[in-house]
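First the structure, in the form of structure tokens, and then the observations on it.
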Amino acid sequence: MWTYEKKLQYPVKIKNPDPRLATVIISQLGGPDGELAASMRYLHQRYSCPYDKVTGILTDVGTEELAHLEMIAAILYQLTRNLTEEQIACSPFATYFVDHTTGVYPVAASGVPFDMKYVGVKGDILTDLNEDLAAEQKARTTYDNILRLCDDPDVRDPIKFLREREIVHYQRFGDCLRIAQDHLDSKNFYACNPSFDK
Amino acid sequence: MVDNYRLSRGARGSFSCLNNLESTSLSSQNRSQNGSPNSSSKMLMKKLRALDFALAETVLYLDVYPHSKPALEYYHKLICERESIVDDLAQGGIAITHRDNVSMNDWNWTNSPWPWHPDAN
């Protein structure tokens, strides 16, 4: 089960609101490669995982992604504070505002709400780990794109932190794939599903 | 009459804490007049965030390399340091989890600022 710690994993302190920036960063909240997708993916894959070390990583990284979700929400909350109606009306944020005001709602930058279809749980640990490696790279690319669109150092700082975490997670999932493969031998490498076949 | 006393987090289990009565003012040491964290608690939070990050990294490493002696030693060093920081925050009226409310008279868990507010960072 989960205990909540009342602090962000990394501080977010943004001086200047920017609704236009919020409109793109929101993809890391509710988009296909965002933190909600990541946490749901890893936390659900762990149930059918046959190897303790890998279950540990899926649990701990999945939990950390919830903390990252909170950081993104904090960024969005701070970017949309104290806005005038004029600032909202003149930005792409207006289409989000009309449905959600300045509430924080998981959608992609395109306006498509979060969908569990973004998450794969195939019940085969080799398949699931390969999905996880791809997911971390897709998240990293999304952060790269956000950095291309963002000048504000107060926003760049936590975004760069989150981007680096994706790279570290990629390394850990690489370790997990190696561990899972070590349990197989040359005869059954692709002939079985270690999560199902005995 | 004592109207406010603080228990150390360790002593809460047994009520021997009743020997640790100290009267402290209702506004806790880690908060300024308007309730927002003061500079010493901001320092403690900064230390805790840094420590917890090192801890998170160590945990991920140990998940994959559970027999690493250096990693296990580092893990225990961090856990030990963490105890005193969380305790200092708790004594000053800032609970990191809902298990850290040490006051017998105040419930500070729901106090502002919440982590997504700039004042909490």
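Per chain, numbering begins at 1; letters A, B, ... match sequence-line order. FYI, side chains are in, hydrogens and waters are out, and symmetry mates aren't considered; it's all heavy atoms of this structure.
- Using a 4.5 Å cut-off between heavy atoms, Ala95(B) contacts chain A through its backbone alone, with no side-chain atom that close.
- With a threshold of 4.5 angstrom between heavy atoms, Glu5(A) approaches chain B through its backbone and through its side chain.
- Side-chain atoms of Tyr10(A) and Asp157(A) form a donor-acceptor pair, as typed in the model, at a separation below 3.5 Å.
- With a threshold of 4.5 angstrom between heavy atoms, Leu62(B) does not approach chain A through any atom at all.
- Of residues 66-80 of chain B, those residues with a non-hydrogen atom less than 4.5 Å from any non-hydrogen atom of chain A are, in numerical order, Pro66(B).
- Taking 4.5 Å as the limit, every side-chain heavy atom of Thr63(A) sits out of range of all side-chain heavy atoms of Val61(A).
- Under 4.0 Å is where a charged nitrogen must lie from a carboxylate oxygen, and between Asp52(B) and Lys7(A) at least one such pair does.
- Under 3.5 Å, the side chains of Asn38(B) and Ser40(B) contain a donor-acceptor pair of N or O atoms.
- Gly120(A) and Asp128(A) make their closest contact through O-OD1, 4.3 Å (heavy atoms, listed as atom of the first residue, atom of the second, distance).
- Between Thr59(A) and Arg46(A), the side chains place a donor N or O and an acceptor N or O closer than 3.5 Å (distance only, hydrogens not considered).
- Minimum heavy-atom separation, Thr23(A) to Ile26(A): O-CG2, 3.4 Å.
- Looking at Glu65(A) and Leu36(A), their side chains never come closer than 4.5 Å, going by heavy atoms from C-beta outward.
- Between chain B and the residues Lys53(A), Arg178(A), Lys6(A), Lys15(A), the most heavy-atom pairs under 4.5 angstrom are made by Lys6(A).
- Across Thr97(B), Asp119(B), Val64(B), the residue that shares the most heavy-atom pairs under 4.5 angstrom with chain A is Val64(B).
- Here the OG atom belonging to Ser48(A) is positioned 11.5 Å from the CZ atom belonging to Phe196(A), to the nearest 0.5 angstrom.
- Between Gln9(A) and Arg49(B) the shortest side-chain heavy-atom distance does not fall below 4.5 Å.
- Taking the side chain as every heavy atom from C-beta outward, Asp88(B) and Gln91(B) never approach each other to under 4.5 Å.
- When the side-chain contact (heavy atoms from CB on, under 4.5 Å) test is applied to Pro153(A), no partner is found at least two apart in sequence or on another chain.
- Of residues 68-90 of chain A, those residues lying under 4.5 Å from chain B by any heavy-atom pair are Glu70(A), Ala74(A), Tyr77(A), Gln78(A), Arg81(A).
- Using a 4.5 Å heavy-atom threshold, the side chains of Trp116(B) and Val104(A) count as separate.
- Residues from residues 161-176 of chain A that place a non-hydrogen atom less than 4.5 Å from a non-hydrogen atom of chain B comprise Phe161(A), Arg165(A), Val168(A), His169(A), Arg172(A), Asp175(A), given in numerical order.
- Under a 4.0 Å N-O distance rule, the pair Arg156(A)/Asp152(A) does not qualify as a salt bridge.
- Of the two parts of Ile179(A), only the side chain, counted from C-beta on, holds a non-hydrogen atom closer than 4.5 Å to a non-hydrogen atom of chain B.
- Leu177(A) has its side chain out of reach of Asp132(A): every pair of non-hydrogen atoms, C-beta onward, lies at least 4.5 Å apart.
- Across all their heavy atoms, Val119(A) and Arg41(A) have their closest contact at CG1-CA, 3.5 Å.
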